[in-house]
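We count residues from 1, following the sequence as given.
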Amino acid sequence: MRLPTHLFLHLSILSSLVSGHARIRRPKPLGAPVENPSGNFYNAPLDHLGSEFPCKNLHLKADIDKAPTQVWQAGQVGMFEILGHVTAGEGALAAHSGGSCQASISFDNGTTWKVLHSYHGGCPRDVPLFSNMAGKNQTFTFLVPKDAKAGIALFAWTWIAVTGQRDEYYMNCASVSITGRGTSTLDSYPDMFVGDMDLPGHISAGECRSTAGTALLFPNPGPSSRITETADPKIPFKKPTPGKCFPPGKPGPVPVPVPRGNPPADAEIGAVMTPAENIVYVEEYDCGG
């Protein structure tokens, strides 16, 4: 697909501007600061050379509180919310024309990641091309598999923006608790997409890159995915460049304990809702290989 000349001109101007910034508000991510622009240092993408993958290494730091901040029931609805602008203007969110994002989970403390839901376009919602301003509703839902392993897990929100630098891969991680009787680590689910950065020995320059001005089509989105008409019809969809666009880790031992008794007092209990009433199922799309 060839982009119009005027679009390349706009993109070259935007790429010279400051990087976008975004993060989730709920579940509260590991080490998150205050929810206003003074905390924007946290909202930056991962280091483009891969040194902060995954989770900005926060899941490995001893001084970070890793108590679950949200409780999800297996077989019911989970959610995440992108932190909005908070103040006038861009504030705490520079949405970079929107983008595509994934909700993923790890049962081995960040070694492997399995996709729960892929959102093609519309993440954040209601963002026109060349705008950093998003709509007010930034809550996204997905189904927690009914056989998902009970206990503490790491949730990840990952985002690829439509515009901005192509070495920006956003990732927030949060500790969550899954209730139920499940024992599955979802090995049959697709791996989380990783791209727009280098991972030494795994992803090299030019591999797994999105195209500026397009909403990413994930190459392996999984059966639970959603294609959203973007806020601007001039934003097309496109697959990334080829490569090993998935986490490099192999399954390992689970270092986090299965919680016993009641969840932490400050954990947010997810709503128990009938999935069919709350999730738009399943819009499949063949992204190719």
**Study point:** Pairwise distance CD(Glu168) to CG(Asp47) - rounded to 0.5 angstrom
**Key:** 12.0 Å
Practice item. Can you see which heavy atom on Ser210 is nearest to which on Ile160, and at what distance? Key: OG-CG2, 3.5 Å
Check your understanding: Can any side-chain N or O of Asp191 pair as donor or acceptor with the backbone N or O of Phe246 at less than 3.5 Å?
Key -> no
Check your understanding: So, for Gly110 and Pro54, which heavy atoms are closest and what is the spacing to 0.1 Å?
Key -> O-CG, 3.5 Å
**Study point:** Aromatic centroids of Phe237 and Phe218 separated by under 6.0 Å
**Key:** no
Exercise for review: Using modelled atom types only, decide if a donor and an acceptor are shared between the side chain of Ser224 and the backbone of His117 within a distance under 3.5 Å.
Suggested key: no
Point to revise | Donor-acceptor pair, side chain of Lys61 and main chain of His59, under 3.5 angstrom | key: no
Review point. Which atom pair, heavy atoms only, marks the closest approach of Tyr189 to Val115?
Key: CD2-O, 3.3 Å
Exercise for review: Considering non-hydrogen atoms only, spot the tightest contact between Ala215 and Ile235 and give its length.
Suggested key: N-CG2, 3.9 Å
Review point. Do any N or O atoms from the side chain of His21 and from the backbone of Gly91 form a donor-acceptor pair under 3.5 angstrom?
Key: yes
Exercise for review: May I have all residue pairs that pass ring-ring contact (aromatic ring centres under 6.0 Å, His included) and include part of residues 28-52, sequence neighbours excluded?
Suggested key: none
**Study point:** Under 3.5 Å donor-acceptor, Ser100 side chain and Leu216 backbone
**Key:** yes
Exercise for review: Evaluate salt bridge (charged side-chain N to carboxylate O under 4.0 Å, His left out) for Lys244 paired with Glu207, printing each intermediate quantity in order.
Suggested key: CA-CA 8 Å; Lys244 294 182 287 185; Glu207 296 178 338; over 6 Å; no
Practice item. Run the numbers on Glu52 and Asn57 for side-chain hydrogen bond (donor to acceptor under 3.5 Å, both in side chains), then give the verdict. Key: CA-CA 6 Å; Glu52 294 181 328; Asn57 298 319; over 6 Å; no
Exercise for review: With Arg226 as the cation and Phe140 as the aromatic partner, state whether NZ or CZ is under 6.0 Å from the six-membered ring centre and within 45° of the axis.
Suggested key: no
Check your understanding: Does any N or O in the side chain of Ser106 come within less than 3.5 Å of the main-chain N or O of Thr112, such that one atom is a donor and the other an acceptor?
Key -> yes
Exercise for review: Please examine the side chains of Val162 and Val127, heavy atoms only from C-beta on, and report whether any two atoms are closer than 4.5 Å.
Suggested key: no
Review point. Does Leu83 sit in a hydrophobic cluster with other residues, and if so which ones, taking ILVMFWY side chains as linked at heavy-atom separations under 4.5 Å, directly or through other members?
Key: Val86
Practice item. Indicate yes or no for a side-chain donor-acceptor contact from His85 to the backbone of Leu93 under 3.5 Å, with no hydrogens or angles considered. Key: yes
Practice item. Keeping the roles fixed (side chain from Asn172, backbone from Ala156), state whether a donor-acceptor pair exists under 3.5 Å. Key: no
Point to revise | is_close_aromatic(Phe142, Trp72), centroid dist under 6.0 Å | key: yes
Exercise for review: Among residues two or more places apart or on two chains, list those pairs meeting salt bridge (charged side-chain N to carboxylate O under 4.0 Å, His left out) that have a residue in residues 93-103.
Suggested key: none
Check your understanding: Is there side-chain contact between Tyr119 and Gln102, with at least one heavy-atom pair below 4.5 Å?
Key -> no
Check your understanding: Under 3.5 Å, side chain of Arg209 to main-chain N/O of Pro242, donor-acceptor pair present?
Key -> no
Exercise for review: Would you check if the side chain of Asn137 reaches a backbone N or O of Asp126 as a donor-acceptor pair within less than 3.5 Å?
Suggested key: no
Check your understanding: Any side-chain heavy-atom pair from Ile152 and Val176 closer than 4.5 angstrom?
Key -> no
Practice item. Decide yes or no on side-chain contact (heavy atoms from CB on, under 4.5 Å) for Trp113 and Cys173, but give the supporting numbers first. Key: CA-CA 11 Å; Trp113 295 91; Cys173 299; 3.9 Å; yes
